[in-house]
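To start, the structure itself, in structure tokens.
For the numbers below, each heavy atom of this structure counts, side chains included, while hydrogens, waters and symmetry mates do not. Fair warning: this is a prediction, and the values are worked out from it, not measured in the lab.
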Amino acid sequence: DEQRNIWDAYLLGSISSESVFQSLDLNKSGTINVEEINYFMESVDKANVSDEALSLLQKLGEDHPLDAEEFERWLCMGTELRRVNLALEGILDNLDDSSSSDSSDDEEGSSSATG
């Protein structure tokens, strides 16, 4: 799908947010409406966008058509929130892994001390 390719290119830094906006603006009106937003997000399987950002975009789109500048601000915020959430998940996973390995180290140390 063309929109998925555009989205992936944006995430890789190959194209600008303006190019993403133009791909959403199906009727070439210079703004995007909630139908265009929903179509695009379904096309890209909502990849790499936080749930909070998707909810905000939906509300904005229901309130008024978005121009390129407003969409760009949302896009930067939405993809950044997703990156932060993924980074936090990774940190928490590492903490869980290290705390569980610390527990097993403690058990090994105490059993060898008694042996």
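- For the side-chain contact (heavy atoms from CB on, under 4.5 Å) with Ser19, the lone residue among Ser17, Ser23, Ser16 that qualifies is Ser16.
- At least one donor-acceptor pair closer than 3.5 Å links the side chain of Asp25 to the backbone N or O of Gly30.
- No donor-acceptor pair under 3.5 Å is formed between the side chain of Ser55 and the backbone N or O of Glu52.
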Determine whether Ile37 and Leu66 satisfy the following criterion, side-chain contact (heavy atoms from CB on, under 4.5 Å), listing intermediate values before the conclusion. CA-CA 10 Å; Ile37 292 166; Leu66 282 72; 4.1 Å; yes
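- Contact between Gln3 and Ser43 at its shortest, heavy atoms only, is OE1-OG, 3.3 Å.
- Side chain of Glu70 to main chain of Thr31: no donor-acceptor pair is present (N/O by atom type, distance under 3.5 Å, no hydrogens or angles).
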Kindly indicate, with the supporting measurements, whether the criterion side-chain contact (heavy atoms from CB on, under 4.5 Å) is fulfilled by Val20 and Glu72. CA-CA 9 Å; Val20 177; Glu72 183 177 349; over 6 Å; no
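- The two residues Leu56 and Trp74 have their closest heavy-atom pair at CD2-CD1, 4.2 Å.
- At a threshold of 4.5 Å between side-chain heavy atoms, the hydrophobic network of Ile, Leu, Val, Met, Phe, Trp and Tyr places Leu57 and Val34 in two separate groups.
- Counting non-hydrogen atoms of other residues, nucleotides and ligands closer than 6.0 Å to CD of Glu62 gives a total above 12.
- Listed for the Glu36 side chain is a donor-acceptor partner under 3.5 Å among the backbone atoms of Leu26.
- From Leu24, atom CG reaches atom CH2 of Trp7 across 9.0 Å, with rounding to the nearest 0.5 Å.
- Taking 4.5 Å as the limit, every side-chain heavy atom of Ile32 sits out of range of all side-chain heavy atoms of Phe40.
- Using cut-offs of 30° and 60° for the angle between ring planes, the Phe21 and Phe71 rings count as tilted.
- Note on Asp63 versus Lys59: no salt bridge recorded, every NZ/NE/NH1/NH2 to OD/OE distance being 4.0 Å or above.
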